[in-house]
Each structure stands twice: as C-alpha cells, then as structure tokens.
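This report refers to the structure that appears directly beneath it.
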Amino acid sequence: MRDAVAILASSSVVLPPNPTPTPPPHNPHSQSSTKLKPLLPRSFTRRTQSADSNSPLLSTVRWDSPSQVRNRLKYYADLASNLSDDGRFTDFLMIAESVVVSGVKPSVFATLLNLKLVSVGIRRMLSEGKLVSLIQVFKGVKKLGFSVVELFDELAIEALRHECHRRLAKCDEALEIVSLMETLQELGFSIKGLVDASHIIRLCVNKRDPDAAIRYAQNFPQAGMLLCSIMIEFGKRRDLVSALTVFEVSKQNQGCPNMYAYRTIVDVCGLCGDCLKSRSIYEELLACKFAPNIYVFNSLMNVNASDLTYTLQIYKQMQKVGVTADLASYNILLKSCCLAGRVDLAKDIYNEVRKIESMGVLKLDVFTYSTMIKVLADARMWQMALKIKEDMLLAGVIPNIVTWTSLISACANAGLVEQAIQLFEEMLWAGCEPNSQCCNILLHACVESCQYDRAFRLFKGWKANGIQKGISVDIHCKTENILCANPNHERDSRKSSSTSILKHQSFPVSFPFSPTTSTYNILMKACGTDYFRAKALMDEMKMEGLSPNHISWSILIDIFGGKGNVEGALQILRSMYQAGVQPDVVTYTTAIKVCVEQKNLKFAFSLFAEMKRYQIKPNMVTYNTLLRARSQYGSLQEVQQCLAIYQDMRKAGYKHNDYYLKQLIGEWCEGILQNNNRNKGQFVSHSGTSPELQNLLLEKVAVHLQDINAESLTIDLQGLSKIEARIVVLAVLRMIKEQHSPGDSVKDDLMIIFEDVGSQTRHKGGVKEAIVKLLQYDLGLEVLSAGLRVKKDSESGGFENPFPSKDVLQGRDLPPKSPARRPAVLQRLKIKKASLNHWLQRKGGSFATTS
DNA sequence: ATAGGGTTAG
C-alpha cells in the first residue's frame, strides 16, 4: 500500500478536483453501489455513452496533492469494486481503462480494489453461468496490463473451478472444454489448478477425440509424457485408432525418437489385442535405424507373449544388438512359456536365471517364482510347484497373494481339494490377506471335484463371519450343519447361535470376504441341475449389488438344458438380451448343446444362424457340438446343413477333425448302394486315406451337394483317387435321387470330368474305369465317353456311342501319350437325362442288382 | 516407466 501511494505521488497523474467522498462500506450486502450512482458521470451508467467518450475518466479534472490522488484513486477502486459486486463488470472494465489511461499502473489500482467485492461479483456471474461474458471482460482487463488471476481470491477461484467442472460434465465437444482451458490459461490461470488433467483427458478419450487430447496436452511443457498417458487411456478403451493418432504426434521428441512413446504404443497394442500392430511398429522403429531400448523390447515381448516363437525371436534380436536382458525380460519369457504350456523351456529359463542370480547380477523376485509356479500349476505338477515355493522361501522372497493363489490353483488343478485348503490355511497363518480371486479358486476346486456342499459351506461361513484361520474343515462343518439343518431360519440362526459359537473360538483375525460375480458363477455351477437354487443365487447376486454377466447366464442356460428344458433355455437366452447382457460364443454353444441333446436340430441350427447374425464367431466347440448330432442326419437337407457347417468351419480356419462327419458322408453316399455289401466294405477299407485327401474329398462332396440348383450337373473328379471319386459320384446321384420325387424328371445330362491321363499320378490312375464300372454295372446307367479338348470350340460334340465296359476297363479309349505341344485333354463321361430318369423310375432301390 | 493369479461350452 505504501508503495502504491509512492508511485502514485511520483506519477504525473491528472486528478479530479473534488474532495474524496467517503468510501462506500465494504459490506457486499449493502446497496452501496446504488447510493453512489449520483456521483458518477453519466457515462458510467450507460455503456453506449461511455464508449464514444474518448476522454479518460480522470483527465477532465486536476488533482493536486498525493493524498488527494490516493483518495481519488481509492474512490474509483471502491466504485469499481462495488460495480463488480453488482455484476457490472463492463463498468468495472471502463473504470479500470480510464484509470490506466490516466497513467496509473494497473498493479497499483489493483491493490486498492476490494477483492472481496470483486469476488462476490465473479461468483455471481459464474453461478448465473455467465462465464463467457466474464472471460470477455477479463480479456479486456488483461489487455490493460492487469494480472487477472490476482483479481480472484480463493473463493472466486473455487467458483471458477466449479463452473469449469460443471461445463466439463455437460460438455459434448471435447474441443470446447480444451479451448476454454486455453483461454483461461491465456488469462494467466493454471489449467491444472482449475481442472485435473485426468478429467479433461477422460472426456477426450470418452468422446474418442484424439485431436482435442493432443491440443490439450500441448499446453504443457511435459507434453510428451502427457501424450503417452493419453495413449494408454485410449488403449484402456480399446481405441487403438485414436491412440495411434496420438502416437504419431508423440513419437518425435524435438528430432529424436521418443522411446517412451514407442514402448507405450506397443503396450497399447497389447491392451487393444492387436499384437500384430505392435510388431509393425517395432519394424518401423528398426527401419528408421533407431535402437530400441530394454523397455521397448520387454513391452514387445510381453504384448506378444502368447506367441512363444516370436517372443524368443525378439529375445535373440535383443541379445544380438547388445541390449542386456533384465529380470523383467526373463519374467516375460516365463510368462510366454506359461501361455504356451512349455514346462520344459520354462524350467530351463528358471534354472538359467537362478544361475545368473548366483553370479550376483540379479535377484529373482516374486514375479519369477509366481510365474514359474503357475507354469507348473497348469501342467498339474503340483509337487514341483511346492518345490518352487521352497526355493522362494530359502531365497528370502515373501510369497504374496498371487503366489499363494497360484500355489492353491496348482493343487486345485490336480484335483487335490484337501491340499488346496491346507495351503489356503497356511496363507492365512502367514498373515496374507486372501482376495476374492483366491477364494474363488478354492470354491472352484470344490466344485470341480463335485464337493458342492463344501463349496456352499465355505461360502456361507465366509459371508457370515469373514475368512478366519483354522476353520478349514471341522469347526466350519459343525457350524454349517446347524445352518443347514434349519434352512427356513438360516438368517436368524446365523445371527444368533452360529456367530456366537465362532466367537467363542476366539480367533483373532478375520479377513473380510467380498464375493464377486465370479464367486456366484462358481456357486451356480455347484447347483447341479437345481435351477431354482441357481436362479435364487442370481437374485442374491443382484441383492449384493453385483451384476450377472454372460457367464452367469450361460450357466443358467446349461442348468435348464440339463433338465431337458429346451424352451426354458431359449427363454433364458432372450431374458439375457433383455437384461442387456451380450451372449458370447459359449452362451450360444451351450444353448446349441441343449438343443442337440434334446434332438431338436431345428432350434440348434436356427441358434447357429442367429449367432452368426449377431457376428458371434463360432469356434471349434460350436462346430463339434453341431456336428455331434450326426445320427440325426438322414435327409439330404440335413446332410447339406451339416456340410455347410463343415465348409464354414474350414473357411473360419479350423482344421476339420471330425470322425463323425467323415463317417456320415461315407455312409450317406454308400446308402445308395445299401444292399451291396461288397461296395460298402470297400469304402470302409479305404477310408483311411491321408487327411489332405479327405479334406479335398469332403470339400468336393460339399460343393456338389450345395450346388443343388445348378442348371447343368457337372462332377469334377480331377485330383481325386478312385475311392474319392466314387464317393463324390455316389453323393451326387443320391442328391439327384432325393431331389426328384416320383414324376419329377431330370432336365439335364450329367457330366463327369476326369483328369488328363497324361498328368495322372500312379495313385490316381484308373479313376475313369472305376467310375464307369460303378455307373454301368452297379447302377445300370448308360455312359457316353469322349476325350475333349479344353478349347471352347469343342464344347458341342464328340461323344461316342455307348461302349462295352470291358474296353473301358482296359483303357482302350485312352488318348495317345501326350506329345509336348498337344493341348490339355480332359476325359469326360456323360450320362444322358433319359438314362438318369430311367434309373430314377426304377422300383425300390435305385441300384442295379448285378451280384 | 516394464512383468504375475479366478468363473462358462466339448
């Protein structure tokens, strides 16, 4: 204040002549500003008038003494304060303008203002949502050289903060809030002080607006780091596209590559489940001749851990470029082995790391041991898992909840419920607090070994009294017997008798137990076929504030299906949609299983179609579940459905591995010759061809059977062996037979194409002969034969008369050995429609009785 | 700044 007066006195300010009026009281509730009005020049009251008045407010009068100067200035400061108290910031701005134009330094004027009054005004404006006009005023104030922030007291800042959050909450365009922040920053506010960076970023991420996020981040000196955390946020939302947009901006750090950005985007690829993208980013890094650091390598290996080959390859590259593996690298390699189920390799790595440890370079940590235990747990090698635990304790590493969980699951996976419970107890005695995940494993172990009651006893005990030491079996069972003896009064008895029993055991520690959706799902499994109990558990789950997920619903469907209730199971599927829970492959597969088990193929196939409509990809289990219903397929339509599934399966990249399907097609085809035992036997004896040929064969059959509406029938037997060709031909004939009811005649000739004799392998020789024999002798069809050039002009003709089969069998009609420049020659057979119709009209079986 | 554990269908 003293400074202000001094400065004021020394300045050549022109002051108003009149003596200073009494400053208005600083009571914000007073009506002081109205009282002051008469003292104001007219221009104060109306903005339009003041705007065209170019003369500064204070210049019309002469000021003389410093004290007068001070008083005058104080008067205007009070005036300005009171005007802003009234929310009249435009007038405030005007006074400030005039004062500054008169040569008063803004900082001097500012110190004379009554900030409490200004604050009240600011807060009123903000509470009325007039942030934008307030900003307009303060832009002007800033232009005058004021420090806007200093006009805000704590309360005003708090109000501004509150208004920013309010706008953030209802903001539709992320960029809107970002530019508001920028404006406030220009006014001198600290963005971070107003709104937490994470709130703004969350909005940008929710709105999938990487550009807004980038612009926001660039307001900070440490933009690079911020951009990386934004990438991770996008990654958590599985929005790789936006994350990549941010990456493009953040990868260059003033000319040098930002390795942190690279490793971050690799991690994000992992979060988004696109490990191939992480590989291409790594390639890009190499192509730019940048040297990846250990973090990039570790992240890359981690993201690709499910592909052990690739992970090892990266590990080798890392060694080659001289980046030393650290403990994380080894732990990730172990994880990769774990995912690949490679116990052998994991053991080698474990031993190698232990060797390195003995040299004093690094020290195995709880991750190493826990991962190794998990490897062994998955391989059901529980004894070795316990051995690792010993190693760990000897090394002085304390097992944590994850270690214990893995150990318990080692026993659980081996079906050793007692051992699992013992380890659980040991964990409690070690003072390690169990979490729900760990409890779930124990419950699941009970369910897996059909100890349903035990699972429920543990659960109820935990729920009633928390998780306590020493209650593993005996005491717990006694308590639960009381509970179970009187199910109607379960709740009351728990409250009174059982709690007191347990209390008297004086166990010091009781850990809290909070069941999760998983817990309830496991217990629902423990309901066996009691769907009322399962449904009750689902209701209980909701009462606990948990939401049933797709697994809960799938289990419910399974339980209904177990009772043979197809309609009920389908109804649950509908309810699931109504509850807003998306079914997954397993849900549909379960429902399909229910239908198949109840021999309701119509529903099974319609569910299959439905899941594909919803873009839920069937997997191997789905296909096998559908194909398992093989004995049901009798009609052509059913076989076609079955083959369609088979083809679908191959298109989806699944190797067909279905013994039933092969048998089905074989039997179905041979059914046309069902009275001919010799032929049937022949098929069976030849069914052991190589898998590739069987695939090809089934494919051929499927193609022909699907092409049922084709105008002209052509059977392409190229590339098939005798037996395969036979099945294809029989399949097509059966198809024709089933498609043509009595009186319905075949409209076209049937064409059969064989491979060029010249290119026939030894294995495939004699196909044509075998087929002719089948058609003529076994089925009594008339067969025409011709060699046919592949050229278009030869399409029309060239078929010979019926020929004696003996000649055919001896290969007399074969074309001469291929000269080099001869065009490719296809061997063709033709069966005229008349012959086919004649064959169709034959009574009973459609086969000739030759034997 | 890096890494680990649980529940559903055949």
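Residue numbers begin at 1 in each chain, while the letters A, B, ... track the order of the sequences. None of the values given here were measured: they were computed from a predicted structure. Any value given below was found using the heavy atoms of this structure, including those in side chains, with hydrogens, waters and symmetry copies removed.
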Could you check how far CG of Asn549(A) sits from C1' of dT7(B), rounded to whole Å?
-> 8 Å

For Leu334(A), which contact category applies under a 4.0 Å heavy-atom criterion: base, sugar-phosphate, or nothing?
-> nothing

Near DNA chain B, which residues from residues 525-533 of chain A have a heavy atom under 4.0 Å away?
-> Lys525(A)

Among all residues two or more places apart in sequence or in another chain, which pass the side-chain contact (heavy atoms from CB on, under 4.5 Å) test with Glu233(A)?
-> Ile201(A), Val205(A), Lys236(A)

Please name all residues satisfying salt bridge (Lys or Arg N to Asp or Glu O under 4.0 Å) with Arg574(A), sequence neighbours left out, ordered by chain then number.
-> Glu610(A)

Between CG of Leu327(A) and P of dG4(B) the distance, given in whole Å, is 13 Å

Indicate yes or no for a side-chain donor-acceptor contact from Thr622(A) to the backbone of Asn619(A) under 3.5 Å, with no hydrogens or angles considered.
-> yes

Base, sugar-phosphate, or nothing for Ser370(A), non-hydrogen atoms under 4.0 angstrom?
-> base

Residues which pass ring pair (Phe, Tyr, Trp, His ring centres under 6.0 Å) with Phe424(A), listed by chain and number, not counting sequence neighbours = Trp462(A)

Residue Asn619(A), side-chain atoms from C-beta onward, closest of dG5(B), dT7(B), dA9(B) = dA9(B)

Determine the contact category for Thr590(A): base if any of its heavy atoms lies under 4.0 Å from a base atom, sugar-phosphate if only primed atoms, P, OP1 or OP2 are that close, otherwise nothing.
-> sugar-phosphate

Is a donor-acceptor contact shorter than 3.5 angstrom present between the side chain of Asp267(A) and the base of dA1(B)?
-> no

Contact under 4.0 Å: His444(A) side-chain N or O vs dT8(B) OP1/OP2 = yes

Round to the nearest Å and state the distance from Asn302(A) atom CG to dA1(B) atom P.
-> 17 Å

Ring pair (Phe, Tyr, Trp, His ring centres under 6.0 Å) filter on Phe234(A), not counting sequence neighbours, yields none

Output the single nucleotide from dA3(B), dA9(B), dG5(B) whose closest atom is nearest the side chain of Thr589(A).
-> dA9(B)

Set of ring pair (Phe, Tyr, Trp, His ring centres under 6.0 Å) partners for Tyr452(A), sequence neighbours left out = none

Minimum-distance nucleotide to Met620(A) side chain [options: dG10(B), dT2(B), dG5(B)] = dG10(B)

The side-chain contact (heavy atoms from CB on, under 4.5 Å) partner of Leu333(A) among Thr371(A), Val353(A), Leu312(A) is Leu312(A)

So which nucleotide from dG4(B), dT8(B), dA3(B) ends up closest to the side chain of Ile551(A)?
-> dT8(B)

Which nucleotide in the set dA9(B), dG5(B), dT8(B) lies at the smallest distance from any side-chain heavy atom of Asn435(A)?
-> dG5(B)

Side chain of Ser518(A) - closest among dG4(B), dT7(B), dG5(B) | dT7(B)

Heavy atoms under 4.0 Å, any strand shown: does Ser329(A) hit a base, just sugar-phosphate, or nothing?
-> nothing

Would you classify Asn298(A) as touching base, sugar-phosphate or nothing, given that sugar-phosphate means primed atoms plus P, OP1 and OP2, and contacts are heavy atoms under 4.0 Å?
-> base

